[in-house]
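Structure, as C-alpha cells:
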Amino acid sequence: MSGISSSGVGLATGLNISDIVDAIIGVQKNALVKLSNRAQAFEATEGGIKTLEANLLTLNTSVQKLNQKSTFETLKATSSDTNQFSVAANSTATAATYQLQGLQTATNHQVISNGFADTDTTPIGTATTITISNGGKLNEPKLLEELNNGQGVQRGSIRITDRDGQTEVVDLSKTLTIDDVVNQINQSATSIEASIQDDHLVITDTSSGSGTLKITEVSGGQTAADLGILKSVAGPTFDGDSIYRITADFKLSQINDGNGINPVSGQDDFQVLASDGSTFDVNLDTAQSVGDVVDLINNHASNGGKVTAAIDSNGKLTLTDNTGGAGSFAVSALNGSLAARELDIETTGTGGVITGTLSGGLNSVLLRNLNGGVQSGGTVLNAGSVYLEDGAGGNATIDFSSAKTLDDVLNLINGNGSIQIEASLNQTGTGISIKDTSAASGTSIEIQDVSGNLASSLKIDTLLADNKHTVDSGSLDLRYVNQNTSLSTYGKNGTAVSTGSIRITDRDGTNFLVDLSDKSTTKTVGDVLTKINDAATTAGAQINARLNDTGDGFIIESTGGSSFDVKVEEVSGGSVASSLGILGSGTTGVTSRQTTEISIEATDTLSDIAEKFNASGVASATIIDDGTAFNSSRLSITSSRSGAGGEMILESDYDFGFSTSVDAKDALIRIGSNPQTSFLLTSSTNSFNDAITGLEIDLHSVSDTPSTINVARDTSGIKSVIKNFVSAYNNFVDATDTLTSFDPDTNKRGVLNGNSLVFTTTSRLEGLLTKKLSISNNSIKSLSELGIQFNSDGKLQLKESTLDQKLADDPTAITEFFQQEDHGFAVVMDDVITKMTDPFTGTLKAQTDSLQASALSLNTRVAELNTILEDRRQRLIEQFTQQETIVNQLNSQQTALSKLSSKSSS
C-alpha cells in the first residue's frame with residue numbers, strides 16, 4: 001500500500017502531506033495576496049468615483065432643468081371661483097387675464113311617455129316602430145352671430161312698452177338664437193308678442209290700449225337696433241328691419257339651408273342662354289362664396305356683359321338678361337351637376353330676370369331641401385296650385401307657384417279667408433299639420449294637387465273620412481346630412497368616424513377596397529362618397545354612392561347585376577364600416593342613416609320597450625311611477641348624447657305621448673364681463689377646451705358673477721425646480737462625505753478618503769455656487785440673491801421668502817440669471833459638470849479608465865500566478881506521492897530482510 005489518503009496523510013510515512021504542501025504554497029502566495037489587495041483597492045476607488053459621477057449626473061439633471069426655457073415659460077391658470085370653473089394651461093397658452101361666467105350647464109335630453117297600466121304585464125297591443133333622430137327639424141333658428149351679415153347682435157337689454165303703458169326691461173344678454181330672443185320677449189309681463197317672419201321680427205301688441213308701442217335701448221346699448229326692432233309706432237304692430245339676408249360674403253356652405261352646392265369637379269356646371277341666342281358655360285370649381293359665383297358669371301370670357309349676376313336687396317341671386325333678344329333666357333344644368341338647381345336658377349326667366357332663393361330665412365327651410373333634398377334623377381318640386389276644402393264646405397284653390405320656403409306655404413294657407421284651415425309644424429317639428437277649424441261635425445277635409453306636385457311632396461294630399469279633421473304629414477325628410485357633413489361628428493352619438501379600409505362587393509360578385517384611412521383626405525361624407533365611386537369605377541363594379549333619399553345620410557346602391565346582395569365588410573379587423581353605419585348587406589344597397597329604429601312588437605310590455613332603448617346605444621330608458629291611481633307607469637328616456645345636438649326626435653305611429661321633461665341644452669359661458677362687448681360660447685359637454693387657446697376649461701356651475709381666470713408664469717413650478725437643484729446638490733455633498741469619511745475609533749476610511757479628485761470637484765462646484773456671474777443687464781448675479789447660501793455643514797439652504805419675493809418682483813431676471821447665453825449659472829454649471837462626466841473625454845472617465853486598467857493588469861497577474869502555484873501544488877503532491885511509494889518499498893524490503901534474518905538465526 002502506498003500513496004496519500006483522502007485526508008491528505010501519507011500512507012507510508014504518516015505525514016500530513018496536504019498541510020505540508022499548503023504551507024509551502026502559502027509562503028509563495030503572500031506576494032499574490034498583496035497583488036490581489038491592490039487590485040481590490042483600485043476597484044473600490046473606481047466604484048467610489050462612479051458613485052461620485054452618478055451624484056454629479058443627478059445634480060446636472062437638475063441644472064439642465066434650470067437651463068430649459070420651458071421651466072420658466074410654463075404658464076399656470078387659476079380660477080378665482082373654483083366652484084364655477086376649473087382651468088388648466090397647456091404649452092400653447094399665453095399669459096393673460098380673462099373674465100368667464102357660467103350661464104348654463106350642459107344637459108341630456110329627457111322625455112317621458114304617457115302613463116301605462118303596469119311595467120311588465122300588460123302589452124301595448126300594437127306593433128310599431130320608434131324612430132330616434134337628432135336632426136331634420138324644420139324650424140332650426142339662426143344663431144345671433146349669423147345675423148346682420150355676420151356682424152351678429154350686441155347682447156344687452158331692451159325696454160319694451162305696450163299700448164297700455166306697461167313697461168319692462170327684457171334681458172337678452174344670454175340669448176343664443178333668434179328663437180331665444182322671441183321667447184324672452186314673450187315671457188315679459190307686457191302685452192307684446194314677438195314672432196319671426198322671413199328675414200325679420202314682427203312685434204304685436206295684444207292689449208286694448210291706444211298708446212304708443214315702442215322698443216328702446218337700455219344703458220346706451222344697441223341690442224334693439226341690431227335686432228331691427230328699435231321702433232315706436234302708434235299702431236298695434238310693426239315689422240322689424242331685415243336682419244338676415246344672404247350677401248356676397250356668405251360661404252357656399254352656409255346657403256341652401258346649410259347644404260351648400262355640389263358642382264361637378266373638373267367640368268362645367270350650367271349653361272346660361274341669353275335671349276339673343278348666345279350661350280356660355282360656367283364652371284364653379286373655384287367658387288367658395290356666393291360672391292365667387294356672381295364673379296364667375298359676370299367675368300366669364302364669353303359673357304361680355306350680356307348677363308349680369310348680382311345679390312339683390314332681399315338676399316337673392318339674380319341673373320338679368322341685357323341682350324334684349326327675342327328668345328328665351330334660361331339656365332340649364334350640364335354634366336349632371338346639381339349646382340344650378342341648388343342655387344335655384346335652373347329655370348327659364350320671366351321678363352329677362354332669373355331669381356334664385358338661397359335661404360329659408362330666420363327659422364324656416366327651403367322647399368327644395370325636403371324629401372331628401374335635390375337629388376340626381378329625383379323628383380323635382382313643382383309648387384303649383386292646390387285645392388283645399390274644410391269640413392264645413394269652405395274651399396279654395398291656392399297658387400303656391402311663388403312659394404320657396406315652408407313658411408311661404410304655411411302663410412298662404414293660413415292667410416286664405418275662404419277656408420277654416422290652420423297649417424303649422426307638427427308636434428315633432430319634422431313635418432306639418434293641417435287642422436280643420438270649422439264645425440266639429442261635417443264632411444271630410446280634402447287636399448289635392450290641381451297642378452304641380454306640392455301637396456304630394458308635403459305628404460298632405462288626402463281625402464279624409466268624415467269627422468277626421470287633422471292631417472299630419474309625418475317627417476318631411478329634410479336634408480341635413482350633406483356632402484360637407486364632417487366625419488368628426490358623423491358617428492353614433494356625435495362621435496368621430498373610425499379610419500381604415502372597407503371592402504364592397506356588388507351583386508355580380510365584383511369586390512374592391514376603399515381606403516378611408518387618410519384623415520387629411522377623408523374629412524367629410526362627400527370625401528367618402530367620392531372615394532367609393534372612384535374605387536368602384538376603377539374596379540368596374542356596378543356600385544354608386546350618393547346621399548340618401550331621407551336627408552339623413554347616404555346610400556351605397558347597386559346599379560346592376562343580379563346574383564346577390566350588395567355587401568360592405570370591414571378590412572383587417574377595422575371598424576370604419578360600423579362607425580359609418582354601412583356594415584352589412586342589402587338587396588339593392590346599404591344605407592347609412594343618422595337615425596335609429598326600434599322595432600316594437602304588439603306583445604311588448606313597457607319593460608320590454610325600455611330594454612330595447614337601452615340596447616340601442618343612443619338612449620337609455622327607465623320606468624318611473626308617478627304615484628297616480630291609474631296608469632302610473634311611465635317610460636323615461638334619456639339621450640346618450642349631451643347638449644343641444646343630443647335632442648331626440650321620437651316618431652312613431654303609436655301614440656306614446658312623449659313629452660320633454662328635460663330640455664337638451666349646450667353648456668354656455670360668457671367671455672368678458674360686459675355683456676355688450678363680450679361673446680358667448682357653447683359646448684355639448686361642460687368642457688371648453690377650444691374656447692381660449694391653450695386653456696382647458698371645465699364649467700361646474702352657473703353664477704351671477706364672472707370668475708377671473710389668470711394665466712401667468714408658473715412661479716410654483718420654477719420654485720420647485722430650484723428646490724430640486726438644492727436637494728440634488730446636498731445629496732452630492734452627502735455622497736462625498738461618505739466617500740471621504742474616516743472613523744478614528746475603527747480606523748475605517750471611505751473609499752475616496754484622501755483622493756484629490758473629490759477635493760478638485762467640490763472646489764469647482766463651491767466656487768461656482770458662491771461666485772458672482774458676469775450676467776449683463778441683469779439685477780441678479782449670484783445664487784445668494786435668490787436666497788440660496790451655504791450652511792455650516794457645507795450644504796445649500798434656501799430662504800424661500802427671498803426666492804418668493806424675487807419671483808414676484810422680477811421672474812424674467814431669474815430666467816436670465818440661469819439661462820443667459822454663455823454666462824448663465826445653469827449654462828456654466830452644466831459645462832463644468834459635463835467636462836467632468838463626459839463619457840468619452842471627462843476627467844472622471846480618465847480616472848476610472850486608469851483604475852480599470854490597473855485593476856485588470858493586477859487581476860490578470862494574480863490569475864497567472866494562481867495558475868503557476870496550482871501547477872506547483874500538483875508537482876509537490878506528485879513528488880510526495882512518489883516519496884510515499886519509495887518509503888513503502890523500503891519498508892517492504894526492510895520487513896523482508898527482517899524475516900530472513902530471523903530465520904537464519906534460528
Side-chain angles (χ1 to χ4, degrees), residues 126 128-129 131 136-139 195 197-198 357 360-361 363-375 378-479 549-551 649 651-657:
T126 302
T128 187
T129 298
T131 301
K137 296 187 74 170
L138 304 175
N139 59 345
S195 60
Q197 183 176 326
D198 297 329
T357 301
N363 70 342
S364 187
V365 296
L366 294 165
L367 294 176
R368 64 175 177 267
N369 286 319
L370 303 178
N371 298 304
V374 176
Q375 292 277 22
T379 301
V380 178
L381 174 68
N382 179 7
S385 297
V386 178
Y387 174 79
L388 297 95
E389 182 177 333
D390 62 29
N395 64 82
T397 298
I398 302 177
D399 180 8
F400 291 99
S401 59
S402 63
K404 297 292 185 179
T405 71
L406 190 59
D407 267 3
D408 291 340
V409 172
L410 300 181
N411 292 335
L412 283 169
I413 295 174
N414 293 331
N416 189 286
S418 301
I419 51 176
Q420 298 181 66
I421 286 178
E422 288 182 356
S424 62
L425 295 185
N426 64 8
Q427 186 174 4
T428 60
T430 60
I432 60 174
S433 175
I434 305 296
K435 182 179 180 181
D436 175 20
T437 62
S438 65
S441 62
T443 61
S444 63
I445 182 173
E446 181 179 352
I447 305 173
Q448 299 292 338
D449 281 312
V450 175
S451 64
N453 58 6
L454 178 68
S456 61
S457 294
L458 296 179
K459 304 176 187 178
I460 57 173
D461 54 332
T462 185
L463 178 62
L464 294 180
D466 287 351
N467 301 319
K468 300 290 185 181
H469 299 290
T470 301
V471 179
D472 191 323
S473 70
S475 175
L476 290 178
D477 297 325
L478 174 71
R479 166 65 60 196
D549 297 325
T550 49
I649 300 171
E651 297 177 282
S652 175
D653 291 336
Y654 182 85
D655 184 12
F656 285 93

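All figures in this text were calculated on a predicted structure; none of them were measured in a lab. Quick note: numbers below take in every heavy atom, side chains included, and nothing from hydrogens, waters or symmetry partners.
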- Item | Side-chain (Asp449) to main-chain (Asp461) donor-acceptor, under 3.5 angstrom | no
- Item | Partner of Val409 by side-chain contact (heavy atoms from CB on, under 4.5 Å), out of Asp407, Ile413, Asn411 | Ile413
- Task: Give a yes or no on this: more than 12 heavy atoms of other residues, nucleotides or ligands lie within 6.0 Å of atom CG of Asp653.
- Result: no
- Item | Side chain proximity check, Asp390 to Ile445, heavy atoms < 4.5 angstrom | no
- Message: Distance check, rounded to the nearest 0.5 Å: Ser385 atom OG versus Asp399 atom CG?
- Response: 4.5 Å
- Which atom of Asp477 lies closest to which atom of Thr550, heavy atoms considered: CB-O, 3.5 Å
- Query: For Ala403 and Leu367, which heavy atoms make the closest approach, and how far apart are they?
  - Reply: O-CD1, 3.6 Å
- Item | Gln448 versus Thr462, closest heavy-atom pair with distance | NE2-O, 3.4 Å
- Note on the structure: Minimal heavy-atom distance between Leu454 and Ala383, with the atoms involved, is CB-CA, 4.1 Å
- Query: In terms of side-chain heavy atoms, does Asp436 have a donor or acceptor partner in Ser438 at a distance below 3.5 Å?
  - Reply: yes
- Could you tell me the separation between the CG atom of Asn426 and the CG atom of Asp472, rounded to the nearest 0.5 Å? 4.5 Å
- Message: Tell me whether Lys459 at atom NZ has more than 12 heavy atoms from other residues, nucleotides or ligands lying less than 6.0 Å away.
- Response: yes
- Pick out which of Ile421, Leu458, Leu410 makes a side-chain contact (heavy atoms from CB on, under 4.5 Å) with Ile434. Ile421
- Task: Taking the side chain as every heavy atom from C-beta outward, state whether Thr430 and Leu478 have any pair of such atoms under 4.5 Å apart.
- Result: no
- Message: Looking at Ser473 and Ile432, would you say the former's side chain and the latter's main chain have a donor-acceptor pair under 3.5 Å?
- Response: yes
- Message: Main chain of Gln420, side chain of Thr437: is a donor-acceptor contact present, judged purely on distance under 3.5 Å?
- Response: yes
- Query: Would you say Asp549 and Asn371 make side-chain contact, with heavy atoms under 4.5 Å?
  - Reply: no
- Message: Within the 4.5 Å heavy-atom criterion, are Leu138 and Leu370 side-chain neighbours or not?
- Response: yes
